[in-house]
Amino acid sequence: MKNIDISAILKDGKAYEGRSVDVAGWVRTARDSKTMAFLALNDGTTLKHLQIVIDKSKFVDDRLALVMKNGAAVAVAGTVVKAVKEGEFEINAESIKLLGDCPADYPLQKKYHSMEFLRTMPQLRVRTNTFNAMLRVRSKLSFALHRFFQSNGFCYIHTPIITGSDCEGAGEIFRVTTNGYADAKTAKDEAEYIASDFFKRKAGLTVSGQLEGEVAAMAMGKIYTFGPTFRAENSNTPRHAAEFWQIEPEVAFAKLPDIIEIATAMIKYIIKAVLDECPEELAFFEKAFEPGLREKLQKVVDSDFVVLDYGEAIKILEKSGEKFQYPVAWGLDLQSEHERYITEKVFNKPVFVTNYPKKIKSFYMKQNDDGLTVAATDLLVPGVGEIIGCSEREADFDKLKAAMMERGMNLDDYTGYLDLRKYGSVPHSGFGLGLERMMMYVTGICNIRDVQLYARTAGDLM
Ligand code: 4AD
Ligand code: MG
């Protein structure tokens, strides 16, 4: 017989009542009394555990002791019966088989462990309620993102992971090379070193799929990429990872207000999906991480987002009377503390800050007529700060080239990108949503290391 998912039995116990079933999972807790024993069994299909009721007279004692261990993997055959608690179901065990023993040094013996402690064992932390819920929300969120774009006519494009360009121009690229330490020492100079390397040019892991996404959008109209991106940012913050997932739509013929509309619809759609599809997980996160979480998310679905000009944001910050650690002045970038003040203290909802000074933004953004700002926007949310970086792209060949030269970029690395402005160039816009940042927002988990299966931050590679 095939194992039945524990989620199915817990969700629709009536349909299984009185039936003999097979289930398998890991023991979360084991409880013993004189005549009876109880296992809380979890198979990963739901946050909830299934209670296995054992009549000890039916089992040989030393065999029973083997399954009465936290972390042990067991297979149970038994009958589904009503539990004492109204509407709940459990299993009266007829046979229990030990599939994988779990010795007493299993680290997850307590009910509560700190997130820091769990980070030291990514191979086991997945077996906690927090990670069980986090991973399911991440899965639902990812699928909802696909659904949103697919149902709106976007084509899913797989952009390369290995690239020869730096989309954000910030030099935070992980190098890709097959040259070793010895080669570096014998090469006369960097050019010779690179010439002997695998690609015969400088290569790195992509920081964003945007540049190639633009190529695809200039033929397919509406596209999105969804995959891992990499940044060698040595910033040790709770919001920066070296490897994170980005969803990046790119839309031909769209101007900044159009792409803001798409981003707003997407955020509302995916939050609604998580509210609908993960009620138990959100209830758990609300209790364990963020009081009022579900109300916050519902409000995002129901209310309008703020669109605020960067210049206005600076005025608000200057007038705030707050003592910020970093200076506030027109022309300076907004730091996390400023972003959070605006979104948490002033508006308490998501805010698009638009038209940033061009000097602090990337080369590809459309230059506004004022000559000072670009048609770019960041979406800021309470608790996390920036979750989306968005812009209309510069579609004019000469202006784009000038912006690249001002930044000292090597134009030879971007001839294909410049070609888009030469052959049938049209206005187009896109954005990048950081999946982990979004996960932090919907779960209330406040460290990016805890919304990934494996944390990927500087100095940490488990
Ligand atoms: O604002 P960013 O740098 O924008 C881009 O990469 C554009 N090329 C996107 C586009 O227009 N297609 O990054 C986009 C988002 C950020 O808003 C943030 O959510 C996330 O990616 N992000 C990070 N998430 C985790 N760790 C990091 N180090 C991140 N850097 C950016
Ligand atoms: Mg950004």
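For ligands, and for the atoms within them, numbers begin at 1 and follow the listed sequence.
Ring geometry for Y269 against F148 counts as tilted: the plane angle lies between 30° and 60°, on a 0 to 90° scale. In this pair, Y356 and Y310 present their aromatic rings tilted. The plane angle is within the 30 to 60° band.
The side-chain heavy atoms of H158 and T225, taken from C-beta on, include no pair separated by under 4.5 Å.
Atom OE2 is the N/O/S atom of E386 found closest to the Mg ion (ligand 2).
Relative to the six-membered ring of Y423, R421 misses at least one condition, a distance below 6.0 Å or an angle of at most 45° to the axis.
With sequence neighbours left out, F284 forms a ring-ring contact (aromatic ring centres under 6.0 Å, His included) with no residue at all.
Side chains of R231 and T229: a donor-acceptor N/O pair is absent below 3.5 angstrom, by distance only.
Annotation: ligand 1 has protein neighbours C167, E168, S208, Q210, R231, E233, R239, H240, A241, F244, Q246, E248, Y364, E386, I387, I388, G389, R393, G430, F431, G432, G434, R437, I448, each with a heavy atom less than 4.0 angstrom from the ligand.
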